[in-house]
Amino acid sequence: MTLDIPGSGATPVLWKPKRQFNQRIELVVKIIFATFALVSVATTLGIVLTLIFETFEFFKEIPLWKFLSDARWTPLIGSEQFGIFVVVSATLLTSTIAITVAVPLGLLSAICLSEYATAKARSILKPLLEILAGVPSIVFGYFALLFVSPIVQWVYAKLVVVLEPMIQFVAADFEFPTMGIFNALSAGLVLGVSITPLVASLSEDAIYAVPNSLRDGSYALGATKRETITAVVLPAALSGIVSSIILAISRAVGETMIVTLAGGQEAQTIDWSLNFINPINSLQTMTAFIVQVSLGDAPAGTTAYKTLFAVGMTLFLITLTLNIFSFWFVRRFQEKYE
Amino acid sequence: MTSNLQSSAPISESPTFKVNLKARYKVDSFFQALTWLAVTISIVVLAILIIDTFIDGLPRLNSADGIWQFITSYPSRKPEQAGIFAALIGSIWVMVLVAIISFPLGVGAGLFLEEFATDNWFTRIIEINISNLAGVPSIIYGLLGLAAFVRVMNPITGGSSILAGALTLSLLILPIIIVATREALRAVPDSIRLAGFAIGSTRWQVVREHVLPMALPGIMTGMILALSRAIGETAPLIVIGAVGYLRFIPDISKPIEAIRSGFTVMPMQIYNWASRPQEEFHTDAAAGIIILLIVLLTMNSVAIFIRNKLQKSR
């Protein structure tokens with residue numbers, strides 16, 4: 001053990017506390033640990049500085065207005081166009097589909113776990129949802145491409161067979177476009193399932209934290225259980241629920257493997273055919289573009305390399321905005337109970 | 001609502017409040033069924049996902065020979081001869097390095113924030129920063145790794161190497177380890193610390209001899225969960241240049257050269273197979289996923305085992 005504690009058999013007379021020595025050790029340890037804690041600050045600084053530096057280099061070559069106004073995204077092909085909204089809209093499309101799936105599924109699951117499920121059911125169901133949350137995104141990507149996408153394609157083909165004659169009755173030369181194996185819909189659906197546990201577990205924490213006195217008060221007024229949940233419990237837990245949803249959106253925006261594998265790599269053009277927001281099309285999200293460039297060869301200093309960071313910067317700004325909004329929302333609307 | 005409820009009038013006459021209990025209970029049971037449906041859907045999807053992967057991948061792993069061949073073979077142009085050996089070894093190398101790098105950093109930072117720091121602007125900045133980092137997409141860490149570890153620190157890391165990958169993943173899981181460490185430290189009762197101070201120990205002595213040993217099982221659980229997050233990560237490693245086709249493994253007798261060599265990991269190999277058009281490679285991808293899931297399951301079981309042991313000893 002430590003040096004300043006009397007060993008067995010030693011007389012107290014021999015023991016001399018080394019106070020100064022120990023205080024010095026204490027200071028050294030404290031400084032080392034503080035340095036370790038600073039690594040996280042350095043990480044943030046590193047991320048922000050590299051993104052700013054390379055994005056700055058990027059805008060030296062490509063003017064900002066071109067970045068914001070081009071309707072096409074072809075940074076790797078000869079006629080280079082850098083319309084960032086092509087990849088941003090693709091990301092927004094998959095995220096929208098995902099959140100449409102995840103919010104009802106996650107929120108209802110949270111209500112079920114915290115309000116309806118017995119303690120025993122809860123102790124089984126919660127770990128199962130945690131397993132779903134722990135499945136690596138590459139596995140979801142495989143599932144989206146090779147299981148969900150064929151099913152979605154099949155359903156779409158059946159729908160076309162039924163709907164096409166009906167519409168052709170009105171507009172004779174109308175034809176549905178065909179759906180490829182890579183499509184935004186399958187990617188978005190699986191992305192939604194993958195972020196459902198996040199919504200469920202964070203919302204459940206918020207709902208569970210609502211004190212029972214609020215529920216009892218509502219029952220005393222004659223409300224049923226469902227009325228109590230929707231009119232009293234959910235509003236009381238609103239800040240937690242909203243922040244869980246925003247966190248899920250931010251996760252969906254930054255998710256890579258599912259949208260890369262199942263969404264494909266086809267950057268659509270922004271025009272009035274609205275192909276860029278049609279979920280049956282293949283598309284290229286921001287993250288998928290980063291993967292595409294990374295898999296190819298992009299030596300430092302080339303435009304492709306700098307584009308990587310310009311897209312990364314856009315992605316970072318979007319998720320940062322979402323995080324700050326969530327932070328603000330919780331501060332503004334959090335209900336405090338004793 | 002309250003303005004409509006006049007005590008003199010019968011409740012049923014209120015224009016906004018219908019007493020009709022039967023109809024309201026019907027809505028109630030419908031709503032309850034809906035919530036159960038939501039939970040069921042999530043769990044059914046999980047079941048389908050696992051069953052589908054096993055149906056796809058088991059033909060590749062249907063015999064002891066098949067499993068052995070798959071685990072010990074390098075990737076190949078011929079899908080039936082391809083295996084996950086290089087990726088499995090790569091994952092082990094990366095995980096060991098990540099553990100070595102992130103454990104002292106994460107636990108040290110957690111100890112500082114929980115035991116040593118006073119509440120001032122310095123600690124508050126670090127705390128806000130950590131919660132912000134948890135919300136940064138993993139692919140952004142990949143971009144940081146590409147610029148910092150692959151390019152700037154090229155003389156040390158040797159470019160797109162195991163070391164560069166491990167450093168990137170360490171930064172990625174650092175917030176998880178710090179949070180887990182702080183929770184484990186908070187669970188140690190204050191009486192332990194006070195008793196230590198009372199016999200004249202310094203804070204570091206108390207932490208080293210009493211607090212840290214008591215918090216260690218909790219820290220280890222968090223550490224394993226963080227590592228199981230890292231082992232499934234693909235995106236940041238693609239960005240820093242992991243390859244999907246590698247026909248050698250690092251030489252363990254020369255560790256310095258080994259960690260500076262090019263690398264692949266299991267999720268990367270799975271991605272490579274899944275993105276090929278030939279169906280036989282999809283079977284390989286499914287088999288790879290099964291191996292990955294088994295590794296993950298083992299890691300999580302160990303974490304749960306440690307947690308349960310901890311709870312019993314309390």
Side-chain angles (χ1 to χ4, degrees), chain A residues 1-2 22-23 25-26 29-30 32-34 36-37 39-41 43-44 46-47 50-51 54 104-105 108-109 111-112 116 125 128-129 131-132 134 136-139 141-143 145-147 193 196 224-226 247 250 254 256-257 261 287 290-291 294-295 300 308-309 312 315-316 319 323, chain B residues 24-25 27-28 31-32 34-36 38-39 41-43 45-46 49 52 104-105 108-109 111-113 116 125-126 129-130 132-133 135-140 143-144 147-148 151 171 174-175 178 202-205 209 228 232 234-235 238-239 241 267 270-271 274-275 282 285 289 292 296 300:
Chain A
M1 276 254 292
T2 48
N22 280 324
Q23 273 162 5
I25 291 281
E26 170 107 359
V29 165
K30 199 172 164 178
I32 291 174
F33 285 171
F36 287 176
V39 169
S40 71
V41 180
T43 309
T44 310
I47 288 173
T50 43
L51 288 180
E54 297 288 352
L105 269 187
L108 286 171
S109 303
I111 293 170
C112 181
Y116 289 115
L125 293 173
L128 278 176
L129 281 181
I131 293 178
L132 192 62
S137 65
I138 181 74
V139 180
Y142 172 88
F143 183 66
L145 177 64
L146 298 171
F147 185 83
V193 171
T196 296
T224 65
K225 189 157 189 175
R226 201 270 316 166
L247 208 62
S250 136
T256 309
M257 297 324 291
L261 268 172
T287 48
I290 296 178
V291 168
S294 304
L295 286 175
L308 213 57
F309 289 87
L315 181 62
F316 181 72
T319 52
N323 289 344
Chain B
R24 285 164 62 203
Y25 276 136
V27 176
D28 259 46
F31 182 75
Q32 187 176 1
L34 214 59
T35 65
W36 279 106
V39 177
I41 288 176
S42 307
I43 288 168
V45 170
L46 175 66
L49 182 129
D52 173 57
L105 282 180
L111 278 173
F112 175 76
L113 291 174
F116 291 98
I125 285 178
I126 294 175
N129 187 53
I130 288 167
N132 255 329
L133 274 182
V136 174
S138 62
I139 198 161
I140 300 280
L143 290 176
L144 171 68
R151 308 274 185 219
L171 293 186
L174 212 48
I178 295 175
T202 62
R203 197 168 265 279
W204 168 234
Q205 286 166 340
E209 303 294 335
S228 65
T234 326
I238 292 182
V239 176
I270 294 166
Y271 170 68
S275 58
H282 297 165
I289 290 176
L292 178 65
L296 273 175
N300 281 302

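Order of the sequence lines fixes the chain letters, A, B, ..., with proteins taken first and strands second; residue numbering starts at 1 for each chain.
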Test item: [X] and [Y] side chains (from C-beta on) under 4.5 Å apart, heavy atoms:
X	Y	result
A/Pro136	B/Leu296	yes
A/Leu108	B/Phe31	yes
A/Thr256	B/Thr234	no

N/O donor-acceptor pair under 3.5 Å between B/Asp52 side chain and A/Phe143 backbone | no
Please give me the minimum heavy-atom distance between [X] and [Y], naming the atom from each residue.
X	Y	result
B/Ile140	A/Gly312	CD1-O, 3.3 Å
A/Phe36	B/Gly108	CD1-CA, 3.9 Å
B/Ile126	A/Ser40	CG2-OG, 4.1 Å
B/Leu144	A/Gly46	CD1-C, 3.4 Å
A/Ala37	B/Ala109	CA-CB, 3.5 Å

Give, as side chain, backbone, both or neither, the part of [X] having an atom under 4.5 angstrom from any heavy atom of chain A.
X	value
B/Ile238	both
B/Asn132	both
B/Leu49	both
B/Ile41	side chain
B/Leu105	both
B/Leu34	both

Just give me the residue among [options] that pairs up with chain A most often, heavy atom to heavy atom, under 4.5 Å.
options	answer
B/Leu292, B/Leu46, B/Leu171, B/Val136	B/Leu46
B/Ala147, B/Ala38, B/Gly232, B/Ala285	B/Ala38
B/Asn129, B/Val39, B/Leu174	B/Asn129

In sequence, state the C-alpha distance, the side-chain angles, and the governing distance for A/Leu261 and B/Ser275, and then conclude on side chain to side chain contact (heavy atoms under 4.5 Å, CB included).
-> CA-CA 7 Å; A/Leu261 268 172; B/Ser275 58; 4.1 Å; yes
Could you have a look at [options] and say which one has the most heavy-atom pairs with chain B under 4.5 angstrom?
options	answer
A/Ile25, A/Ile290, A/Ile32	A/Ile290
A/Leu145, A/Thr196, A/Leu51, A/Leu125	A/Leu125
A/Gly254, A/Ser109, A/Pro104	A/Ser109
A/Val41, A/Leu295, A/Val39	A/Val41
A/Thr287, A/Thr50, A/Ile47	A/Ile47

What part of [X] gets within 4.5 angstrom of chain B, counting heavy atoms only: side chain, backbone, both, or neither?
X	value
A/Thr319	side chain
A/Val291	both
A/Val29	side chain

Kindly determine whether A/Thr224 and B/Asp28 satisfy side chain to side chain donor-acceptor pair (under 3.5 Å), including the steps that lead there.
-> CA-CA 7 Å; A/Thr224 65; B/Asp28 259 46; 2.8 Å; yes
So how far is it from [X] [atom1] to [Y] [atom2], rounded to the nearest 0.5 Å?
X	Y	atom1	atom2	answer
B/Leu143	A/Leu308	CG	CG	5.0 Å
A/Glu26	B/Phe116	CD	CZ	5.5 Å
A/Leu128	B/Ile43	CG	CD1	4.5 Å
B/Ser42	A/Leu105	OG	CG	5.0 Å

Considering residues at least two apart in sequence or located in another chain, which fulfil the ring pair (Phe, Tyr, Trp, His ring centres under 6.0 Å) criterion with A/Tyr142?
-> none
So, A/Asn22 and B/Thr202: side-chain donor and acceptor under 3.5 Å apart, yes or no?
-> no
Mind checking what makes side chain to side chain donor-acceptor pair (under 3.5 Å) contact with B/Arg203, not counting sequence neighbours?
-> none
